[in-house]
Amino acid sequence: MTNADVAALFDRLADLLEYEGENAFRVRAYRAAARTIADQIESLEAIRAGATRSLTDLEGIGRDLAAKIETILDTGRLPLLEELLGRVPADVFDLLRIPGLGPKKVRQLVDVLGIDSLDALEEACRGERVRGVKGFGEKTEASILKNIAFVRGTAAQRQLWDDADQVVADVLAWMRGCPAVERIEAAGSWRRGCETVGDIDLVAVATDAAAVMEHFRRWDHTTDVIASGGTKSSIRGPRGMQIDLRVVVSAAFGAAWLYFTGSKEHNIRVRSRAREHGWSLNEYGYQPVDPSAAAQPPTAETEAEVYHALGLTWIPPELREGRDELALAAEARLPRLIEECDIRGDLHMHTTDTDGEDTLTDMVRGARERGLEYIAITDHSQRVSMARGLDETRLLRQWDRIDQLNETLAAEGPAPIVVLKGIEVDMLERGGLDLPDHVLARADWVVASLHYGQSQPRERITERILEAIRHPAVRVIGHPTGRLINRRPAYDVDIEAVIAAAALSGTFLEINAHPSRLDLDDHHAAAARRAGVRMVISTDAHSVRGLGVMRCGVLQARRAGLTSIDVVNALGWNDFRNLLGQRST
Ligand code: DGT
Ligand code: CA
Ligand code: CA
Ligand code: ZN
């Protein structure tokens, strides 16, 4: 059981208790516990086993919760949750997945309208019956209808890349402990850095395939063997994820790794190019199309060999989506994709002054340990009251502390990290920004984000963002479409107009690196690049640990074909400081 698994159980428990009308205090306690657990770097098992620590040391974890955690760690189960699962109809879970519809509202729909499934709810919305329920209205009804489609559209079983990545790391570590495995690599959508991953695909080189399969099935985290054959097997592992394993001989490894990395569209294009060269290509390597031909087929032990045989340079997995990558590879014109080590600064993060979990000094120390040269502290502005957003007075006080911190850092010796005085200012529902211009003008770095009024019509939302883009103090638009992967669709915004306006004013657009945001996405970021807009990859960290998601943002940028030149925070501090001094309008 990982911490995330345990946290998920508590979250689910909180949902069901709330659905059952349990008192709000108890529900909140479970939710808070889930969050605390998910944020622990150390495993619960280690904390529990530690000589000098105990689970009750964790914030908000009392004796009762600690006992429940121990039961989960020992048995993998939470009896109270199972009891609730037995009582609550299964279809309620589908209803709970509708964005914006909490357990209480779901309960009301169930009680008042007798809704028992997504279909029933959809019908009730179309029949205009939902708007009559207390607390609902025409607007809510319309947004429920839209979000039902969203729930259906997101295959909920797809995991966020970052979550799948943990599973990949664990299964590879286990499999690399198998003496029969000569080499094993992950492929599929995980390797292409897709934002969500359906199943995990592994390719191994071994002569004793049976021993490899045996080892695979014996993994601690294998909950089910879906298929089991001589050279291919599928199991169900952590997070309910399916993991496919294929064993090949080393001479075919390049062909197999390429084949199982995909995408399907990329493979189709590679294969048809192979045919033009007289070869048929599959996961076993090259064969002559004409079997009577005497020519020796190209070798396929490495991916590079497979591509080179077709006059192509090796193509990074993130670009293998069947877009223009073959044409570029044929002319050796593929972009030199940005890498995580190119990143020199992080320009969006929060502290305990608003809804962050770590203090200003902790965040600075964390960023410094990651080797960053500069960061911007960008807490929320006052409108975000849930996060205790900063008003002018509190913001100026924070900036004084940053000034002092920079002085202390500079006194410590050469090349200290530079901390910029920033703000994540809200674009208000009625238009305009959430802090006066004279305050914004004093900031080193202003991120403008839209958190409220997300269901406004397209023209309104777009206008709010365009207004921020034109504002002289705003340097970057944060998470420009507001989507939360698997949870909430993007707001309705004319992204082309946003990109065009950003290009005109020299405003940057963010690629938010948070695994459930990754916003701009790869298509939009590629469009922004073509329009000459530069981007900022930011973690939006709410804790020191949160600084680690930079790699997810970099992956998304790579999928968009971005080079370090396209990314503002790949500049070293001196160049970045110069850039801060200029502005085209
Ligand atoms: P996923 O798992 O839905 O996130 O996406 P993928 O891309 O990992 O897809 P998956 O697991 O079904 O298959 C892995 C790779 O194997 C896929 O990217 C390309 C290759 N592949 C699978 N089925 C086919 C097929 O029918 N034709 C071709 N050309 N390639 C295939
Ligand atoms: Ca897959
Ligand atoms: Ca698969
Ligand atoms: Zn933020």
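Every number for a ligand or one of its atoms is a count from 1 in the order of the listing.
Per residue Asp540, closest N, O or S atom to the Zn ion (ligand 4): atom name OD1. Among heteroatoms of the N, O or S kind in His350, NE2 lies nearest the Zn ion (ligand 4). Shortest distance from the Zn ion (ligand 4) to Glu424 is reached at OE1 (N/O/S atoms only).
In Trp190, neither the side chain nor the backbone holds a heavy atom less than 4.0 Å from any atom of ligand 1.
Electrostatic pairing of Glu429 and Arg460 does not count as a salt bridge here, judged by no charged N lying under 4.0 Å from a carboxylate O. The existence of a salt bridge linking Arg320 and Glu318 is excluded, since no basic side-chain nitrogen approaches an acidic carboxylate oxygen closer than 4.0 Å. A salt bridge is absent between Arg394 and Asp379; no separation between the charged side-chain nitrogens and carboxylate oxygens falls under 4.0 Å. The residues Arg239 and Asp163 are annotated as salt-bridged, a charged nitrogen and a carboxylate oxygen being separated by less than 4.0 angstrom. The pair Arg559-Glu195 fails the salt-bridge criterion, with no side-chain N (NZ, NE, NH1 or NH2) lying under 4.0 Å from an Asp/Glu carboxylate O.
Near Thr261, meaning under 4.0 Å from any of its heavy atoms, are these atoms of ligand 1: 18 (O). Listed by number with element, the atoms of ligand 1 under 4.0 angstrom from any heavy atom of Gly188 are 8 (O). Taking a cut-off of under 4.0 Å to the non-hydrogen atoms of Val197, the atoms of ligand 1 that pass are 4 (O). Of all the atoms in ligand 1, the ones that sit under 4.0 Å from a non-hydrogen atom of Asn267 are 19 (C), 20 (C), 29 (N), 30 (N). Close approach to Arg271 involves these atoms of ligand 1, each under 4.0 Å from a residue heavy atom: 29 (N). Each of the atoms 8 (O), 11 (O), 14 (C) of ligand 1 lies under 4.0 Å from some heavy atom of Asp201. Listed by number with element, the atoms of ligand 1 under 4.0 angstrom from any heavy atom of Arg192 are 7 (O), 18 (O). Of all atoms in ligand 1, listed by their number and element, those nearer than 4.0 Å to a heavy atom of Gly262 are 17 (C), 18 (O), 19 (C).
Side-chain atoms of Arg388 and Gln382 include no donor-acceptor pair closer than 3.5 Å. For the residue pair Asn512 / Asp540, a side-chain donor-acceptor distance below 3.5 Å is found, with atom types taken as modelled.
Remark: distances from the non-hydrogen atoms of Ile200 to ligand 1 are all 4.0 Å or more.
Considering backbone and side-chain N/O atoms, Ser263 never comes within less than 3.5 Å of an N/O atom of ligand 1. Looking at Asp244 next to ligand 1, no N or O pair under 3.5 Å apart turns up.
Of the protein's non-hydrogen atoms, the one nearest atom 28 (C) of ligand 1 is Lys264 CG, 3.6 Å. With respect to atom 1 (P) of ligand 1, the closest heavy atom belonging to the protein is Ser189 OG, 3.5 Å. Here the heavy atom of the protein found nearest to atom 12 (O) of ligand 1 is Asp199 OD1, 4.8 Å.
Less than 4.0 angstrom separates atom 5 (O) of ligand 1 from at least one non-hydrogen atom of the protein. Within 4.0 Å of atom 22 (C) of ligand 1, not a single protein heavy atom is present.
Checking His348 against the Zn ion (ligand 4), an N/O/S atom falls under the 2.8 Å cut-off.
Ring-centre distance between Trp174 and His215: below the 6.0 Å cut-off. Ring centroid separation for the pair His479 and His451 comes in under the 6.0 Å cut-off. Taking the six-membered ring wherever Trp is involved, the centroid distance between the rings of Trp445 and Phe576 falls below 6.0 Å.
Summarising the geometry of Leu347 relative to Val447, their closest heavy-atom pair is O-CG2, 3.8 Å, with the distance given to 0.1 Å.
Evaluated for a salt bridge (Lys or Arg N to Asp or Glu O under 4.0 Å) with Asp162, the options Arg545, Arg517, Arg551 yield exactly one hit, Arg551.
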